Amino acid sequence: MNKLNHERNTQIASYEMGELVYVLQTCTEEEDPESFYYFKQFEKKEGMILEVIEHPRLQYRVKFGQAEAVLYHEELTNGNQRDVPITGTDHQEGWEGDKVEWYTQKEVANLLGVSKATVYHYGKQKKITKILDPHRLHKEARYQKAEVDRLVYEKQSLPTGMSPNEVAKKLGLSVQSVYKYIQDGSIKAEAVPYGDERITYVISETAYQEAEKSLKPAETQRPKRFEYYQSSQDIVLFQKFHSSKVPEARVIRNKENEWGFYLPNIQKWLPFEEGLREYQLKPVYPIHQSTLEYKGYVQLEIPKDAIVFYPFVDYLYEIWGMENIRLREQDHTIVLFIRAGERPLTIKGFSAVDILPFLIKGDIYNEEGHLIFLSSYRKTSLELPNDLLESMTELAEQEGISMSKWIELKLSSLLK
């Protein structure tokens, strides 16, 4: 195939030794999650240039507090946006110039198993060379074949498995939590090279299964906060939003555990940021209240199609606050753990009688305009030998539950 061969001679105003700089985010989490979280750890931190690396491409070794990073020129800024070429020329040798084999952007994406957006960023990062086409003779971007083949070979030689982003979605965790668990050893992962002097992680199927057992909440455990609360956006599952364009939207996660909105009137799911941007969605009520004194929990399981479902959930978030409830979503129902106590029942749409059919443990009743939850548990004390207590604690930790819960389960099985 005849190809265009271009040379780009760009003169760049480089940073100097000792100069102070900041990281400039050059991609989104969706486009390139590995690079996104690499940049994220240095976000808003001031760094100092320790070394200028001019070959094969302008880079810097930068010190951020106790950490060091190697970053490209366009990934840094000093506040004056001096991160763009100051002069530049394109030289085209013509259609009958050097012959270079190439792949289209779509072919590169398929070969490397990445999105077309990631291919675009590989070109910006100079991992592969994009063949310039100033006259738009080709409908799709093209990349030099030899460099793409090299990346394919390198990828095939690396360990196979899931990325931290994929594991986060499968476990229902945040990506930041997965990286934290990798660092403390809770998730076993193999570090592999990523770009220049960087690493990413690969989690094997075996390592994932081990992590799933230890980190994915068991049904016998009360739900963990991350199961229903997204701290970065300060939103909770099934929370109600609305706008002048949309009368009702509900916060839900799709099958990939991505947070977003479900619009009941048009039966459509859309990503969270799109809902805020395109539909100007805003929360209908606050979700935070003071934490009640611990007196146990009341447990309910409510079908998602129950008439009382949304009015009750809205009431709990607004009046009791997310601090006083635990919620776990299942295929057709949700399991609720609500701290024992009382709060005003000022919202219409349901009564204590309406939710009694879904009660599993505890008691619920309405008294003088207040909804009262009573726990079915009563505190007790046991005197046991220290070695027995240590053994019970160890067994409970192995099952990922509290010792009280472990004792309860064992006694329940004996008394059946």
Side-chain angles (χ1 to χ4, degrees), residues 6-88 90 105 108-109 112 114-132 141 143-144 147-148 150-151 154-155 158 163-165 175-176 178-179 182-183 191-202 232 273:
H6 300 281
E7 294 179 0
R8 186 173 182 83
N9 299 315
T10 304
Q11 191 175 13
I12 294 175
S14 64
Y15 299 112
E16 299 178 354
M17 297 276 289
E19 190 166 353
L20 299 179
V21 292
Y22 298 88
V23 169
L24 192 68
Q25 185 67 265
T26 60
C27 63
T28 65
E29 179 181 4
E30 181 179 349
E31 291 167 338
D32 190 344
E34 285 81 7
S35 292
F36 179 84
Y37 283 104
Y38 183 79
F39 297 142
K40 194 78 174 173
Q41 62 184 315
F42 305 115
E43 189 178 39
K44 298 180 180 179
K45 293 182 180 179
E46 188 175 66
M48 184 175 69
I49 303 292
L50 298 180
E51 180 183 2
V52 180
I53 307 168
E54 296 186 353
H55 297 288
R57 184 170 158 227
L58 186 55
Q59 295 173 291
Y60 305 91
R61 187 163 59 87
V62 187
K63 186 175 181 64
F64 296 92
Q66 299 300 315
E68 291 186 10
V70 175
L71 297 160
Y72 290 122
H73 184 82
E74 63 269 22
E75 295 169 351
L76 295 173
T77 180
N78 67 350
N80 296 322
Q81 299 300 312
R82 192 180 56 177
D83 56 325
V84 296
I86 58 173
T87 62
D90 288 331
Q105 187 177 23
V108 176
L112 294 174
V114 298
S115 67
K116 290 174 70 173
T118 299
V119 174
Y120 169 76
H121 283 285
Y122 282 174
K124 285 186 68 177
Q125 296 163 0
K126 306 301 181 185
K127 292 181 181 179
I128 53 178
T129 300
K130 181 179 178 181
I131 299 173
L132 300 180
Y143 297 85
Q144 289 190 8
E147 295 180 348
V148 175
R150 173 181 54 79
L151 277 186
E154 290 177 357
K155 188 169 184 178
L158 294 175
S163 69
N165 199 42
V175 180
Q176 293 93 326
V178 171
Y179 276 101
I182 289 172
Q183 297 299 328
V192 298
Y194 178 76
D196 298 286
E197 298 189 28
R198 302 181 187 178
I199 60 169
T200 186
Y201 295 96
V202 173
S232 61
E273 294 296 338

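Just so we're clear, the structure is a prediction, and the values are computed from it rather than from any experiment.
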For Glu273, salt bridge (Lys or Arg N to Asp or Glu O under 4.0 Å) partners two or more places apart: none
side-chain contact (heavy atoms from CB on, under 4.5 Å) against Glu46, all qualifying residues, sequence neighbours excluded: Leu20, Tyr22
Residue pair Lys127 / Arg150: nearest heavy atoms and the distance that separates them: O-NH2, 3.0 Å
side-chain contact (heavy atoms from CB on, under 4.5 Å) partners of Glu43, counting only residues at least two apart: Lys40
Spatial distance of atom CD1 (Ile128) from atom NZ (Lys124) [nearest 0.5 Å]: 13.5 Å
Atom pair OH (Tyr15) and CG (Leu76), whose distance is rounded to the nearest 0.5 Å: 6.0 Å
Donor-acceptor side-chain pairing of Thr129 and Glu147 below 3.5 angstrom: yes
From Leu24 atom CG to His73 atom NE2, the distance as rounded to the nearest 0.5 Å: 10.5 Å
Residues in side-chain hydrogen bond (donor to acceptor under 3.5 Å, both in side chains) contact with Gln105, at least two apart in sequence or another chain: none
Spacing of OH belonging to Tyr179 relative to CG belonging to Asn165, to within rounding of 0.5 Å: 7.5 Å
Closest contact, heavy atoms only, Leu58 versus Ser14: CD2-CB, 3.8 Å
Pairwise distance NZ(Lys130) to CD(Gln144) - rounded to 0.5 angstrom: 13.0 Å
Side-chain touch Ile49/Val62, heavy atoms, less than 4.5 angstrom: yes
CZ-CE distance between Arg61 and Met17, expressed to the nearest 0.5 angstrom: 8.0 Å
By side-chain contact (heavy atoms from CB on, under 4.5 Å) - contacts of Ala69 (at least two apart): Tyr38, Phe42, Phe64, Leu71
